[in-house]
Amino acid sequence: MVKDSYTTLIVTLRSFERTRSTDDVEVETSPDRQKAETPKEDPHHDLGDRQDGAGASPREPLFAAVLREVAAERERVALDDGASASRNFPYLPREVTADQVHLALEHDTNPFTNQPHTAQYKKILKARKTLPVFAHMAEFYKIFNKHQIIIMVGETGSGKTTQIPQFVAYSDLPHIKNKIVACTQTRRVAATAVAQRVADEMDVQLGQQVGYSIRFEDMTEQGTTFIKYMTDGILLRESMHDPELSRYSTIIIDDAHERTLATDILMGVLKTLARRRPDLKLIIMSATLDALKFQKYFAVSSDALPPLFKVPGRTHPVEVFYTLEEVSDYVEDAIRFVLEIHCTEEPGDILVFMTGEEEIEGVCHSIKREVKDLINAYPETVGPLECIPLYSWLPPQEQQRIFDPAPEADSPDGPPGRKVVVSTNIAESSLTIDGIVYVVDPGFSKQKVYNPNTRVESLLVSPISKESAWQRTGRAGRTRPGKCFRLYTEKYFMSELEEQTKPEILRSNLVSTVLMLVKAGIKDLVEFDYLDEPAPESLLKALEVLNHLAAVDDDGNLTTLGSIMADFPLDPQLSKMLIVSPEFKCSNEILTITAMLSVPSVWLRPSKKQEEADAAKLLFAVPGGDHLILLNVFNKYILNQHDKDWTWIHYLSAPALLQAVNVREQLERMMARFEVDLVSVQDQSEMSLSVKQALCCGFFMQVAHKVGGKRNYMTLNNQPVLLHPSCRLDTQPEWVIFNELVVTTRPFIRTVTGIRPEWLFKYANLYFDLRDWPDSETKRALMRVTKKTTGRSGARINKATRGGESGEVEELMRRLRTR
DNA sequence: GAGCACTGC
């Protein structure tokens with residue numbers, strides 16, 4: 001029946017576009033690594049046949065001599081004041097050839113440590129040689145030696161992430177020049193895993209010659225590390241403090257096609273930097289074929305594109321099937337297909353993509369029920385089917401189930417068992433499940449959409465991009481040839497789906513980013529060279545918010561406050577609140593709340609134990625609001641940290657709390673550096689009042705007031721919202737501050753605390769100058785507040801201190817508006 | 001009456 005509804009019109013695919021670096025780790029890790037070392041060296045490995053350019057005998061400590069010679073050469077260069085010729089020396093930095101590198105790789109001595117190569121090194125080297133990039137080494141050096149900027153396209157399994165930085169190291173010889181080859185990753189796990197792998201490949205200890213740097217963890221050694229994997233965000237932060245990025249000889253941007261916010265901004269920064277630093281080489285690596293876009297972006301002129309270096313991938317072919325007609329209910333159809341595959345196809349596990357928890361649990365439930373019926377009806381032909389849900393906030397041990405083997409046949413001769421994983425997008429890129437042979441793709445995912453005008457974030461079920469669809473398809477071909485069933489027509493795929501998922505910069509809140517750019521001295525946000533320009537409203541709104549927070553003045557200049565705020569790895573609202581909190585004698589408490597607000601939610605709510613989880617949450621309830629509850633949870637966690645079961649019993653996420661501890665420590669160090677005092681109020685009710693006032697200093701733009709009954713509120717932009725069901729406000733105060741506004745089934749405000757409206761006029765009088773506000777229900781409510789508090793008509797003061805209305809900010813905003 | 005996935009000295 002599957003065959004009936006599908007047509008095999010398509011085609012065996014050559015290979016799949018990779019989009020995530022975590023793949024690199026697995027694809028490129030050879031099984032040799034796990035096996036015990038078998039020191040079976042061949043002492044007669046014959047390099048004599050090799051056409052090695054240096055013509056030296058491999059028996060000699062060749063590369064070591066080379067390095068000495070290079071060092072001597074460097075001294076000569078220095079002595080000659082840069083006038084020295086190369087003296088025909090063949091191993092000059094950035095002039096090496098693939099033959100020379102092959103020679104060095106085969107040599108008995110590790111040129112970077114002068115230690116003999118281990119047997120493990122040689123085993124891994126054998127595996128490395130089978131990677132597609134290895135066959136293209138000569139071509140790589142030809143291009144690298146000649147050009148400053150290279151665009152590289154390497155498909156899944158090409159080996160680019162692990163090999164290219166090593167190729168560069170053999171050419172740059174960064175250890176001699178006290179420089180570093182940096183390679184950015186979009187995920188922390190990728191940075192750590194790839195660094196470990198490359199350290200093994202280079203026969204060095206992780207953290208020595210090869211290291212990584214991610215938030216909270218710097219596994220590098222100054223003066224020793226010369227290949228450094230790092231998250232894109234870390235390098236971006238670094239560029240704020242050292243705009244020349246002078247420690248680096250070559251910077252490799254990996255997974256550029258993922259278009260994370262940090263990668264996008266980094267590319268803009270590096271493009272300008274490359275002009276100032278001709279000695280800096282850039283390699284932009286991407287898995288997709290839209291390399292032309294990167295080439296054009298980095299082109300010096302329209303007829304001088306940077307060269308493209310392309311390496312094919314290595315994956316198993318996957319057959320793709322489309323429906324002949326559009327499906328009406330993808331959930332029902334997905335269930336039907338899983339059952340069909342189970343009944344008719346060869347053994348092999350199934351991966352089904354759904355958009356969220358509710359769908360996933362529903363699908364699992366239905367599949368389990370229907371398989372039971374099928375097995376009862378056809379015990380001879382239908383084997384057991386294990387259905388496993390997967391989404392991000394599932395507890396880790398539940399997530400681990402996806403790696404369980406498929407169930408055994410019920411009897412020795414019975415039909416074989418099969419595993420089906422029903423997952424959100426998390427399985428598209430972040431988590432890899434081996435053994436998947438069939439993929440069922442309905443073509444939807446939940447995506448974050450941001451509206452800069454209302455500053456509202458929503459999660460919308462939207463069609464995926466073609467790129468996503470191929471990524472999902474590729475999940476079927478990791479261990480052997482597979483099949484992918486797309487629950488839409490080929491016509492729909494071709495004509496309706498976007499080529500790529502919108503880059504993050506186009507659907508994000510840019511307040512933090514803009515502050516960073518201003519801090520980096522980029523005055524003209526409009527002229528900054530974006531690969532994709534963000535919506536002018538996003539920049540405009542971000543600048544407005546920063547102005548209201550007093551991080552930039554009316555002329556668009558960074559204020560002293562803004563400069564400090566930019567150094568904190570926080571949303572500006574949070575850093576503002578934190579920095580002013582000593583004024584309210586509660587910086588200790590605000591520090592904790594800030595840390596808790598910058599980690600994922602600590603609340604666990606397993607679908608089968610929702611009531612228990614809610615009851616557990618009530619134990620932490622304190623009067624005032626959710627922010628104070630977070631403070632309470634953190635403090636209780638610290639008191640009970642010795643008790644391993646404590647978090648579990650209270651339905652709290654231990655990893656999230658641990659991360660909050662880390663963030664808190666990091667922020668505390670930064671506060672010390674900027675001399676932000678750490679102080680506490682002892683009296684509980686006084687503390688609660690202080691905390692709420694400090695909250696107002698950062699979040700005065702995220703205020704709502706009560707309208708009608710039943711948890712109904714209205715934001716300052718007059719958007720009706722509901723208190724999120726997770727809110728544990730004991731009373732329902734007239735005025736509240738909220739941490740986030742999300743639109744899911746309805747618009748909700750989440751993490752909410754009651755405040756006194758007078759505080760808004762007191763601590764944000766410019767923003768609450770009501771004369772500028774259009775008439776609305778909210779404005780009238782605020783007017784009533786000002787009338788009650790006689791003599792404190794904050795709305796009237798300080799207009800003059802705002803400075804010239806025709807300042808540069810106004811000008812910039814005008815230009816943004818007219819774009 | 002309830003949540004796609006990442007990330008930051």
Side-chain angles (χ1 to χ4, degrees), chain A residues 19-22 184-191 213-218 220 230-242 255 258-263 265-266 353-361 390-394 423-431 444-449 457-462 464 468 471 501 504 507-508 512-513 515-516 566-571 574-575 598-601 603-605 607 610-611 613-614 617 659 662-663 665-674 710-711 722-728 740 742-750:
Chain A
T19 60
R20 303 284 166 157
S21 52
T22 35
T184 67
Q185 297 293 307
T186 56
R187 277 166 234 278
R188 291 158 54 105
V189 280
S213 186
I214 59 177
R215 193 183 188 186
F216 309 126
E217 224 184 319
D218 187 10
T220 64
M230 61 209 299
T231 42
D232 48 9
I234 289 262
L235 188 59
L236 182 59
R237 282 257 158 209
E238 218 175 292
S239 78
M240 300 290 118
H241 291 105
D242 174 17
D255 294 313
E258 277 198 41
R259 307 293 308 278
T260 65
L261 194 48
T263 290
I265 301 292
L266 203 46
F353 286 99
M354 286 288 147
T355 65
E357 176 184 5
E358 208 180 311
E359 265 178 25
I360 289 171
E361 294 292 350
L390 175 64
Y391 39 89
S392 70
W393 57 96
L394 218 52
S423 170
T424 61
N425 244 4
I426 194 171
E428 187 180 304
S429 47
S430 302
L431 269 172
F444 292 97
S445 72
K446 272 190 194 164
Q447 284 167 29
K448 191 174 86 180
V449 184
E457 212 175 85
S458 354
L459 278 175
L460 289 179
V461 174
S462 330
I464 59 171
S468 264
Q471 176 74 18
T501 312
E504 213 179 342
R507 48 190 179 92
S508 296
S512 214
T513 308
L515 181 58
M516 220 186 239
D567 274 347
F568 281 85
L570 293 169
D571 278 344
L574 288 170
S575 51
S598 24
V599 301
S601 171
W603 309 107
L604 294 180
R605 204 163 181 270
S607 48
Q610 297 184 346
E611 282 112 40
D614 291 349
K617 192 169 177 181
Q659 203 186 334
N662 276 330
V663 172
E665 282 171 358
Q666 183 188 21
L667 295 176
E668 194 179 338
R669 284 194 298 272
M670 302 197 66
M671 286 168 76
R673 197 198 308 160
F674 291 109
K710 281 200 172 179
R711 304 168 79 88
L722 279 171
L723 280 185
H724 195 272
S726 65
C727 288
R728 289 285 167 272
E740 53 182 349
V742 290
V743 180
T744 49
T745 51
R746 279 192 274 172
F748 290 110
I749 49 176
R750 206 156 46 183

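These values consider heavy atoms only, across backbone and side chains, with no hydrogens, waters or symmetry-generated copies. In what follows, every chain begins at residue 1, and chains take the letters A, B, ... in the order their sequences are listed.
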Heavy atoms only, 4.0 Å cut-off, all strands: where does [X] land among base, sugar-phosphate and nothing?
{"X": "A:Phe748", "result": "sugar-phosphate"}
{"X": "A:Thr260", "result": "nothing"}
{"X": "A:Asn662", "result": "nothing"}
{"X": "A:Ser445", "result": "nothing"}
{"X": "A:Thr745", "result": "sugar-phosphate"}
{"X": "A:Tyr391", "result": "sugar-phosphate"}
{"X": "A:Glu357", "result": "sugar-phosphate"}
{"X": "A:Arg259", "result": "nothing"}

Donor/acceptor link under 3.5 angstrom from A:Ser512 side chain onto base of B:dG8: yes
Using a distance-only criterion (donor-acceptor N/O pair, under 3.5 Å, no hydrogens), is the base of B:dA2 paired with the side chain of A:Arg605? yes
Testing A:Asp232, A:Thr184, A:Thr231 one by one against A:Thr260 for a side chain to side chain donor-acceptor pair (under 3.5 Å), which residue passes? A:Asp232
Closest approach to the side chain of A:Thr424, judged atom by atom: which nucleotide of B:dG3, B:dG8, B:dA5 is it? B:dA5
